[in-house]
Amino acid sequence: TAVSTSRRVAAIERDRQRLAEENRALRDVARREGFVGESPPIREVLELVHRVAPTEVNVMLRGESGVGKERVARLLHNSSDRATGPFVPLNCGALPESLLEAELFGIEEGVATGVHRRLGKIELANGGSLFLDEVGDLSLPLQAKLLRVVQERELERLGGRERIPVDLRLVTATNKTLKKLIADGELREDFYYRIHVFEIHMPALRERREDIPLLVEHFTDELCRDKGRRVD
């Protein structure tokens, strides 16, 4: 009937306005995080963030170095139900494996002379989000240990036997072709499918040239605030 059709149209319009308002709110949060852009590729990124942030699935950010993957990871965290919890980042390519394991899993006191107990990044991220950049640089043994954390929601510190429960969301990032790493035997396939539940492609600046004026304005404003100057 005409009445039911009118109600359906009104309901669709309400949903459209609600989504538009939620997207505007997300863009405001993105600006506060220093994530600047209005181009179609950036709008797509924000739409994907809006879609996946309320869920608990693990997210992988794909893209070249310097495209803002950590900013998007922070945006995901701050747009989720975990926003009041910690956001803990770690660049897996910045440390040698011997230090990376302790940095991730923590270490118990007495493992070696002068060593005191220290919590790892995984434990510090309990109740929040753990962001692992350059996750493709993890060794196979560390992949196996991290896979257990993802599956069992618990960890053991280096030198310890206690199983410590952890509740976190894992966000990873890489600029590598992970399927090739799997084919080359450098990445566990089961680990890949655990961390690659939802993917967001991060566009390079050459893919969003229309954002360059906005970025120039943003960084100019930041520089002026830091120097206490005004731009006329």
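The model shown is predicted, which means the values in this text are computed figures rather than measured ones.
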Next on the checklist: For Glu47, is there an ion pair with Arg43 - N to carboxylate O distance below 4.0 angstrom?
Outcome noted: no

Original post:
Would Lys145 and Glu101 pass as an ion pair if we require N to O under 4.0 Å?
Top reply: yes

The complete set of side-chain hydrogen bond (donor to acceptor under 3.5 Å, both in side chains) pairs with one or both residues in residues 54-63, sequence neighbours excluded, reads Thr55-Arg169, Glu56-Arg82

By side-chain contact (heavy atoms from CB on, under 4.5 Å), Ala204 pairs with (sequence neighbours left out) Glu64, Val67, Arg206, Glu207

Pro165 meets the side-chain contact (heavy atoms from CB on, under 4.5 Å) criterion, sequence neighbours left out, with none

- Query: Going through the checks in order, is the side chain to side chain contact (heavy atoms under 4.5 Å, CB included) test met by Arg161 and Glu108?
  - Reply: CA-CA 9 Å; Arg161 295 184 179 180; Glu108 286 289 0; over 6 Å; no

Taking only residues at least two apart or on different chains, which pairs with a member in [range] satisfy ring pair (Phe, Tyr, Trp, His ring centres under 6.0 Å)?
range	value
residues 122-165	none
residues 152-196	Tyr192-His196
residues 72-96	His77-Phe87

Q. For Arg163 and Arg153, what are the C-alpha separation, side-chain angles and deciding distance, and is it a side chain to side chain contact (heavy atoms under 4.5 Å, CB included)?
A. CA-CA 10 Å; Arg163 293 187 175 184; Arg153 297 288 179 175; over 6 Å; no

**Message:** Do Val45 and Met60 land in one hydrophobic cluster if side-chain heavy atoms of ILVMFWY residues count as linked below 4.5 Å?
**Reply:** no

Next on the checklist: Is it true that, when you exclude Glu44 itself, more than 12 heavy atoms of the residues, nucleotides or ligands shown sit nearer than 6.0 Å to its CD?
Outcome noted: no

Could you check Glu70 against Asn91 for side chain to side chain contact (heavy atoms under 4.5 Å, CB included), going step by step and ending with a plain yes or no? CA-CA 10 Å; Glu70 183 170 339; Asn91 187 335; over 6 Å; no

